[in-house]
Amino acid sequence: MAKNQQNTLEKIVSLSKRRGFVFQSSEIYSGLNGCWDYGPLGVELLRNVKDAWWKAMTYREDVEGLDASILMHPRVWEASGHVENFTDPMVDCKQCKSRYRLDVLYESYNEKRRKKIADAYAVLLTDKGEDGEAFKAQPREQQLEVAGDALVDHAEVFNAMNEKELLVCANCGSTGSFTVPRKFNLMFKTFVGPVEDSNAVVFLRPETAQGIFVNFGNVSQATRQKVPFGIAQIGKAFRNEINTKNFLFRTREFEQMEMQFFVKPGTDDEWYEQWRDMRLQWFIDHGMKKEKLRMHPHADDKLAHYAKAAVDIEYEFPFGWGEIEGIHNRTDFDLRRHQEFSGKGLEYFDQESQEKYIPYVIETSAGASRSLMAFLVDAYEEEELEKETRTVLRFHPKLAPFKAAVLPLVKRDGMDEIGMKLYRDLQKDFKVFYDDSGSVGRRYRRQDEIGTPFGITVDSETLEDQTVTVRDRDSMQQERVSMDALRGYLSDKLSV
RNA sequence: GCGGGUGUAACUCAGUUGGUAGAGUGUCAGCUUCCCAAGCUGAAUGUCGCGGGUUCGAGUCCCGUCUCCCGCUCCA
């Protein structure tokens, strides 16, 4: 990683704090790992990103909106596979610092070693006063399986084996060098109701998608939509990541912008390609540099448990390429599982073909926080002028926190009053900023730094003909516009 | 979670062998200023990440803890 690029991220983090885009969560208490707060400018930017997505995705005849609750029935996560796939006991080798999932480690052992482990397990059982002989009476194959499961599922078994130096590190060959197994449950757990009873455990959703799947029937009923159609949702999701890193990129609380598109099986590949291309184009349409974007298809053996095909839309951050959106062909996995677990029929009757089927699902899943960060990084530029460097955020006007700043050239001859009136007038339709302090050049720079696309100045000519100057953030060129026409002028620029 | 680095004013940082904190930028007020960080005058802001310890005395030494950064690991 180039050092100057790393500095770029540091500068953006610093700017974000200084100007109020992003603050560290609970900062006065020294922060909370992996959590960030959006300040006055950040929340505008985030809203604009989400609004742009919402309009692109749901202002169309075949996609409906939804806002499902964050807490869902615990069975949802059993059906989705998250309970199973989100809890992996792991250990580190103290010698070489390698980390293993216990089941993977056990898988890597040959039969000889497994037999040793099984024998030791029999002794262990006897020591505990259980029937080790009965265990040994089982067929060898079964012994290995039972002992393996015990090793993976019970930390005390693992620890005992480890102490007996039966467990070897696949990387450095050390024995007895493992840490105590730790369970990494990536789902946040909490309790429904005031009693912390194990029956009351629920999870904070690790993805918004399941809220869509469980509402598939409700939405199609309520809206009379016919397959193919989609359901879109924006909302918070939570994952207890082992490590957070890279500013907003990997956080424990984040916001997703997801759409699940239900299609007839057999047409899924076609829809997959179509949504993939549309989603890439969305980022480009909102100002992101084409050369900083790429498609990264997942290899078949790296696919998630629910997916038949997957591609990431990646952005080239200062720390490298990172996923900002994933497009998955989730097949009928989720609906089928929910049908199975809930006992409620989720089949769709296709009137046209007179067929009953469980629809396939094409998922577009974008990170709102990651997208915001990509837009922020992409917009950031230090422009070399003759005698200085101008820091400017070249946001697409649609995304910019402030659309315009009203800046009276000087604070006299009534220019500030006219400016204030203009500001109040524009404020009815646009998020605008007013500033009459100091030199106008200084004020332009301040607005450049937060990405305000237009600077409107009131000058002596305004007093005579009711026109103001509009200065373009990127070119710094100015044009005169009549005050009456300003609203239309801004609307035009923002609708592009 | 492991290893390395880091944490001093809003930001970027300085702080000499331990003697109770400075600079630049920014911010604010005033003057000046008819278009791109101008100038002048003045002002505010820190229990030096947090908690212990050593010491007559700790930003400076020791221990713990937390944050952030880099690497490893993880990433359904």
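Side-chain atoms are counted along with the backbone in the values below, which use heavy atoms only and exclude waters and symmetry mates. Reminder, nothing fancy here: chain letters follow the sequence lines and each chain counts from 1.
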Among B:rC35, B:rC69, B:rU33, the nucleotide that comes nearest once only the side chain of A:Val440 is considered: B:rC35
Sugar-phosphate, base or nothing in reach of A:Ser437, heavy atoms under 4.0 Å: nothing
Residue pair A:Thr467, A:Arg480: steps toward the side-chain hydrogen bond (donor to acceptor under 3.5 Å, both in side chains) verdict: CA-CA 6 Å; A:Thr467 64; A:Arg480 288 207 84 83; 2.8 Å; yes
Gap between atoms CZ and C1', on A:Phe23 and B:rC11 respectively (whole Å): 13 Å
Sugar-phosphate, base or nothing in reach of A:Asp459, heavy atoms under 4.0 Å: base
Touch class at under 4.0 angstrom, heavy-atom based, for A:Asp312 against every strand present: nothing
Residue matched to B:rC2 through Watson-Crick or wobble contacts both under 3.5 angstrom: B:rG71
Distance in angstrom units between A:Leu9 CG and B:rC70 C1', rounded: 12 Å
base_contact_polar (B:rC36 base, A:Arg471 side chain, donor-acceptor, <3.5 Å): yes
A:Phe395 to A:Arg473 - nearest heavy-atom pair and separation: O-NH2, 2.6 Å
Selected nucleotide, minimal atom distance to A:Lys245 side chain, candidates B:rC34, B:rG71, B:rC35: B:rG71
C1' gap between B:rG18 and B:rC48, integer Å: 14 Å
Rounded distance (Å) that lies between atom P of B:rC34 and atom NZ of A:Lys411: 15 Å
Distance-only donor-acceptor test, A:Tyr29 side-chain atoms vs B:rC66 base atoms, 3.5 Å: no
B:rG59 and B:rG46, which share atom name P, separated by this distance in whole Å: 16 Å
C1' spacing across the pair B:rC50 / B:rA44, given as an integer number of angstrom: 26 Å
Side chain of A:Asp413 - closest among B:rC35, B:rC68, B:rC34: B:rC34
Sugar-phosphate only, base, or nothing, as touched by A:Phe247 at under 4.0 Å among non-hydrogen atoms: sugar-phosphate
C1' spacing across the pair B:rA10 / B:rC74, given as an integer number of angstrom: 36 Å
Sugar-phosphate only, base, or nothing, as touched by A:Arg445 at under 4.0 Å among non-hydrogen atoms: base
Proximity to the side chain of A:Ser460 - top-ranked nucleotide from B:rC34, B:rC11, B:rU27: B:rC34
Lys/Arg cation over aromatic A:Phe249: A:Arg370, 6.0 Å, 45° cone: yes
Base B:rC35 to side chain A:Thr457, donor-acceptor N/O within 3.5 Å cut-off: yes
Whole-Å P distance, B:rG22 and B:rG5: 30 Å
Sugar-phosphate, base or nothing in reach of A:Gly326, heavy atoms under 4.0 Å: nothing
Base-pairing mate for B:rG42 - Watson-Crick or G-U, with both contacts under 3.5 Å: B:rC28
